[in-house]
There are 2 protein chains.
Amino acid sequence: MKKISLKDIAEQLEVSKTTVSFVLNGKAKENHISESLTQKILKYVEEVGYVPNQLARGLRTGETKVIGVLVEDISDPFFSSIARRIEEEANSKGYKIVYCSTENNADKTKELLEVYKSRQVDGFIIAPPPGIEKEIQALQKSNLPVVLFDRYFPEVATDTVVVENQRSSYNATNHLLHNGYKQIAFITLASEQVQMQDRLQGYKEAMEEQHLAHYIQKIPFDLKPKKITKEIQAFLEQHPNIDAVFFATNYLADSGLEAIQNLGLEMPADIGVVVFDDEKLFRLFRPPITAIAQPIKEIAKSIVSLLLDKLTGAAKKNDYKKVELSTTLYERASSVPVLAASR
Amino acid sequence: MKKISLKDIAEQLEVSKTTVSFVLNGKAKENHISESLTQKILKYVEEVGYVPNQLARGLRTGETKVIGVLVEDISDPFFSSIARRIEEEANSKGYKIVYCSTENNADKTKELLEVYKSRQVDGFIIAPPPGIEKEIQALQKSNLPVVLFDRYFPEVATDTVVVENQRSSYNATNHLLHNGYKQIAFITLASEQVQMQDRLQGYKEAMEEQHLAHYIQKIPFDLKPKKITKEIQAFLEQHPNIDAVFFATNYLADSGLEAIQNLGLEMPADIGVVVFDDEKLFRLFRPPITAIAQPIKEIAKSIVSLLLDKLTGAAKKNDYKKVELSTTLYERASSVPVLAASR
DNA sequence: TAAGTATACTAAATCGATTTAGCAAGCATT
DNA sequence: AATGCTTGCTAAATCGATTTAGTATACTTA
């Protein structure tokens, strides 16, 4: 059962490849192919179940209908759920996805970009690691649309989708403050990336408004979960006066919660907890974990819509948009002491 | 900055495309290209940063070095972590991944297979939904290697990677029995898929050995989490004598744990809990949730290794292997009542 | 010295589509 | 009767690689 090609069809029906191609691309009318021949071709194509070779088509047209998606780690629940939605959105518009994990590593990312370019993807969706500013600009110069998400490069004009990191973080910190916590630690990544900086800023702003001291721990990027747990545990031991912790991203919380358990601290009485990023099980935890939920579906929708605007030409090449979506703070028991009201 | 092609290089250096191609493919020696010319070409190629167009190459050679991965849902932690590892393994062997979510829907899957075939992927990795037996066979007939995982079709010979579902389930049920639970419910999907059937079998076997009655609830496949919670809650209310629950897959547990909370039942005293599939936070739950962990990394390795054996010709075309990996039961507090020892 | 064989390289076919340019027949118009 | 416009269709170029089947020269060897 060899694959059947345009040529085969043309030969079988004793017409030219051109004619078949016109018919299949809906250009029969404008090229004066008779209705009867058009039908005959369509019928035959249907019968033999012909599917065009997309490599050949892509080679000729330069369009592959494939979008490259680069995320930090596809096994991270935030990224995998975004990926799922992007897939859904893109599929519905006739695009396919190829994805990979950057591990937040610039060199790996650069390689991946090369690979994808050589595969002629039509556009890119990227949660960029630091250090690929130039590559992003190069892509845009060579007319390959790019949408960044989760973070971006302030100095590079791009289409971008992020959440209101600073404001969300500010609000969450205030939530802790309103519930009586004062010695609030902010546990984040040792990263200059804009989303982490914004989250940090929000925390600082809220603390400074109350003239409270900061407790900031920066965890190196590539530590294993166990090591992260150790680090956080050590930090909390060094600062026994800390009465609340704000985890700046999901997987720090996963390790941090373990550290808290190891130390025998009780939420929310001994320690209040808020996490940036919601996880499915946070709601069921005991106590349930207060979390900032990012609007996954909206993020994905905005990303794909920005990219498609560029791909279809609906948006001008040098006209970049930054979409900033708001988050939802789910106030759960981990940050709401029973006595809060009376404090 | 237009893209540079083989032809451009050939013209610049005043040699033929053939020569350049030979050099780039490491076939200089065997085609008697002089060392000096070889070096000159390599140097120039490096200089201009030429990267071959993979579409053209794929069209000509029929090899794209791309593997299609179809999972049920990329946002499911089990599948996303498998995907991550597959990506890692495949990348290290020079292959790229294109993936998508089947939603366990046969029609969607069939479409996706067509799309991927038209993009000339070299092979497939599939967690198959029911009803695509014929398509799998067709792929194999047209010489496209396929590896199934998580489940398979007993009547179709394929390379397959699964875990010891029945035995794992049997052991986990026995674990509950040894800890004094007797009215054990098995909450599973209304699915004929082999992995679910095997898990059910393992449960039944253990229960029957003790001459105990079954409590089996089958949840329809496409329910939303909230609906699943309701269903499970209703089931537990109807059978108040149930003293333990075995969830046959991860997302049933996510909903089931909520049902248990809603009913005010305490683990492990009121109800013992075991889950097929471990999740990151199960260890940190209160009480920690006993779970059967699948060996993600090994599964991914086996999958890729089976597929590569077929792709490289190391394994014969009609020589199919079934790899069955063992799981680990993490016995945590959700299924180990404090009094268990004395019962 | 003729035949054989390395050496160094290339022309052209090929993969499977799309697309440009154009042919041929029929009809209307002047 | 010559010109122009439709209509209906096709030949051939093209995208950018790989690969087959050469060619031309130089060097052995009998």
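By convention in this document, chain letters (A, B, ...) are assigned in the order of the sequence lines, proteins followed by strands, and residues within each chain are numbered from 1. Computed over heavy atoms, backbone and side chain alike; hydrogens, waters and symmetry mates excluded.
- When the P atom of D/dG8 is taken as reference, atom CG of A/Leu13 falls 18 Å away, rounded to whole Å.
- Taken residue by residue, residues 116-124 of chain B places no heavy atom nearer than 4.0 Å to DNA chain C.
- Without hydrogens or angle criteria, B/Ser118 side chain to A/Val51 main chain gives no donor-acceptor distance under 3.5 Å.
- At a threshold of 4.5 Å between non-hydrogen side-chain atoms, the residues A/Arg84 and B/Ser101 count as touching.
- Here the C1' atom of nucleotide C/dG16 and the CD atom of A/Glu11 are 13 Å apart, to the nearest Å.
- For the OP1/OP2 pair of C/dC15 and a distance below 4.0 Å, the side-chain nitrogens and oxygens of A/Asn53 include no atom meeting the criterion.
- Across the protein-nucleic acid pair, B/Leu24 atom CG and D/dA17 atom C1' stand 11 Å apart, rounded to whole Å.
- Residue B/Ser21 places at least one side-chain N or O closer than 4.0 Å to OP1 or OP2 of D/dT18.
- B/Ser5 comes within 4.0 angstrom of sugar-phosphate atoms only, judged by non-hydrogen atoms across all strands, and of no base.
- One atom, CD of A/Gln54, and another, P of C/dA17, lie 9 Å apart when rounded to the nearest Å.
- Between B/Lys27 and D/dT19 there is a side-chain N or O to OP1 or OP2 distance below 4.0 Å.
- Going from atom NZ of B/Lys3 over to atom P of D/dT14 covers 20 Å, rounded to whole Å.
- Put simply, A/Tyr50 has no side-chain N or O that comes within less than 4.0 Å of OP1 or OP2 on C/dG16.
- In this entry the distance linking CG of A/Leu6 with P of D/dA11 reads 14 Å, nearest Å.
- Computed from coordinates, the B/Leu59 CG to D/dT18 C1' distance equals 10 Å when rounded to whole Å.
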For nucleotides 8-13 of chain C, 5' to 3', base contacts (B), sugar-phosphate-only contacts (S) and non-contacts (-) with protein non-hydrogen atoms under 4.0 Å give BBBBBB
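- As a whole-Å value, the separation of A/Ile4 CD1 from C/dC15 P is 15 Å.
- Annotation: side chain of A/Leu37 is in contact with side chain of A/Thr19 (closest heavy-atom distance under 4.5 Å).
- Contact annotation: the side chain of A/Lys96 approaches that of B/Val115 to within less than 4.5 Å [non-hydrogen atoms, C-beta and beyond].
- With respect to A/Leu306, the side chain to side chain contact (heavy atoms under 4.5 Å, CB included) criterion is satisfied by exactly one of A/Ile125, A/Val146, A/Asp159: A/Asp159.
- Classification of the A/Phe79-A/Phe149 ring pair by plane angle, with boundaries at 30° and 60°, yields perpendicular.
- Using a 4.5 Å cut-off on side-chain heavy atoms (C-beta onward), A/Val121 and A/Val98 make contact.
- Side chains of A/Phe124 and A/Leu307 form no contact here, defined as non-hydrogen atoms less than 4.5 Å apart.
- Atom CD of A/Glu46 is surrounded by 12 or fewer heavy atoms from other residues, nucleotides or ligands within 6.0 Å.
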